[in-house]
Amino acid sequence: MNSSITRPNILVARRIFPEGIERLEAICDIDYVDQIEPLTKVELSERLKDKDGALVTGSERIDADTLKDAKALKIISNIAVGFNNFDVDAFNQKGIIGTNTPDVLTDTTADMGFALLMAISRRLSEAERWLRDGQWHHWEMGRMLGVDIHHSTLGIMGMGRIGQAIAKRGLAFGMNVIYYNRKPLSKDLEQACQATYVDKETLLKNADHVMLVMPYSADSHHFIGAKELAMMKSTATLVNIARGGIVDDNALVEALQRNQIFGAGLDVYEGEPKLHPGLLDLPNVVLAPHIGSATEKTRYSMMNLAIDNLLAGLAGEKPKTMINPEIWGK
Ligand code: 8YV
């Protein structure tokens, strides 16, 4: 693990910005998959066989099977903060370092959470579709009535870095912030966000806006399903900027069809890029194609952090944001 390789052989599994390739070319031999379509699992595993390192995105699923023929692989660097695409046990068994890109996308992703919250609360997508459709002829008292954001109760599920950044945005809107997390924050962090820890049920029943920001795992699969949606206020919104699979999309579509909640703002979906077909027919959703971290500055920062991590690992140094530090030095 601590020995460096003179000119490493790496896989870049998806098209990245040219500056990233230039950085890598100076140091590595690159097998560059210069395309936006992900490799199949078989292709990925085949191309990892002779590599020392790899740069991948959140859509490359890396498990024991993918890694089985990789003999020299030291590190796989994810250009994403979420690493549910990595089977960390499989990495650990083979002594492979995994890294992700936290911090650099926190505020950008929090902004996106707020953008979706505001868009669905004020029915922006629906209103724009209606206007473009040529239906605006008169002002009308009761047209496109939304729900307020300011001075409402914001319920955040998952109070990591992005959750806390959303809480701070909520404070600026005069919101009462409540949160649920696997464990409560330290008193200092709670104080900084002026957020109150509550259990899941209390959050669902009291929040005017529910924001999902937790990591996806077996534990959070269908964390929001029919039962949870039934607990929410009929005037409440739900925003998911975390991962598809945290929400049971089938149950969500049914709840939205019945107007059981006010609406949903979604950036992520079960089985994306495929969408539950029911979502496309609903007026009370705002749909985005997984662009939470998509600003130019942030995507460059993510790419560069992922490259820093990869090059550090290949040089035998501990990468800055390692997801399995428990294997370091073993
Ligand atoms: C990425 C994300 O764009 O960082 C994450 O976890 O969800 C997004 O910022 C996506 O995963 C592509 O790698």
Side-chain angles (χ1 to χ4, degrees), residues 10-17 20-21 24 32-39 41 44 53-63 66 75-88 91 98-116 156-166 211-217 219-221 223 239-247 249 265-275 287-310 319-324:
I10 63 158
L11 173 70
V12 176
R14 197 78 78 83
R15 180 173 302 150
I16 59 171
F17 298 125
I21 294 296
L24 289 166
Y32 184 24
V33 184
D34 187 8
Q35 62 184 44
I36 53 168
E37 299 80 20
L39 294 174
K41 206 170 155 55
L44 187 58
L55 195 65
V56 303
T57 73
S59 345
E60 277 77 50
R61 166 106 194 112
I62 317 273
D63 56 18
T66 331
I75 174 163
I76 304 186
S77 174
N78 210 19
I79 314 177
V81 64
F83 53 87
N84 55 298
N85 55 320
F86 287 1
D87 176 344
V88 179
F91 276 58
T99 63
N100 68 339
T101 59
D103 302 317
V104 292
L105 48 62
T106 299
D107 281 312
T108 297
T109 310
D111 284 351
M112 182 68 184
F114 240 79
L116 285 172
I156 302 173
M157 297 281 197
M159 201 59 157
R161 288 166 281 234
I162 300 171
Q164 291 168 46
I166 289 167
M211 180 88 67
L212 305 175
V213 210
M214 68 233 291
Y216 178 72
S217 67
D219 291 341
S220 62
H221 181 72
F223 186 79
V239 170
N240 188 5
I241 51 164
R243 278 290 179 270
I246 292 176
V247 176
D249 283 353
L266 306 172
D267 189 41
V268 289
Y269 310 85
E270 278 193 286
E272 65 185 52
K274 287 203 187 106
L275 258 68
L287 306 171
H290 201 148
I291 52 168
S293 63
T295 66
E296 186 170 347
K297 183 164 175 277
T298 292
R299 284 285 166 85
Y300 268 93
S301 302
M302 290 166 70
M303 179 185 79
N304 281 319
L305 174 55
I307 292 175
D308 292 345
N309 280 330
L310 180 68
K320 198 165 149 203
T321 52
M322 185 168 168
I323 61 177
N324 52 352

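Counting convention: from 1, in listed order, for ligands and their atoms alike.
Near Arg299, with a cut-off below 4.0 Å to any heavy atom, the atoms of ligand 1 are 3 (O). Near Arg243, meaning under 4.0 Å from any of its heavy atoms, are these atoms of ligand 1: 2 (C), 5 (C), 6 (O), 7 (O), 11 (O). In summary, the atoms of ligand 1 found under 4.0 Å from a heavy atom of Ala80, numbered by their order in the structure, are 4 (O), 5 (C), 6 (O), 11 (O), 13 (O). Residue Leu105 approaches ligand 1 through these ligand atoms, each under 4.0 Å from one of its heavy atoms: 4 (O), 9 (O). Applying the 4.0 Å criterion to heavy atoms of Ile79 picks out, from ligand 1, the atoms 12 (C), 13 (O). Taking every heavy atom of Thr57 and a limit of under 4.0 angstrom, the matching atoms of ligand 1 come to 13 (O).
Judged purely by distance below 3.5 Å, without hydrogens or angles, the side chains of Thr106 and Arg161 never pair a donor atom with an acceptor atom. No hydrogens or angles considered: nothing links the side chains of Arg243 and Ser220 as a donor-acceptor pair under 3.5 Å.
Considering only non-hydrogen protein atoms, atom 10 (C) of ligand 1 sits nearest to His290 NE2, 4.0 Å. Protein heavy atom at the shortest distance from atom 4 (O) of ligand 1 is Val81 N, 2.7 Å.
The shortest N or O to N or O distance between Gly58 and ligand 1 is under 3.5 Å.
Taking each heavy atom of Leu305 and Thr101 in turn, the nearest pair found is CD2-CA, 3.7 Å.
At most 12 non-hydrogen atoms from other residues, nucleotides or ligands lie less than 6.0 angstrom from NZ of Lys320. Atom CD of Glu296 has 12 or fewer neighbouring heavy atoms from other residues, nucleotides or ligands inside a 6.0 Å radius.
Of the listed residues (Asn309, Thr321, Asn85), just one forms a side-chain hydrogen bond (donor to acceptor under 3.5 Å, both in side chains) with Asn78, and that residue is Asn85.
Taken from CD1 in Ile10 to CG in Leu55, the straight-line distance is 6.5 Å, to the nearest 0.5 Å.
Comparing Pro102, Gly82, Ser293 by heavy-atom distance to atom 8 (C) of ligand 1, the nearest is Ser293.
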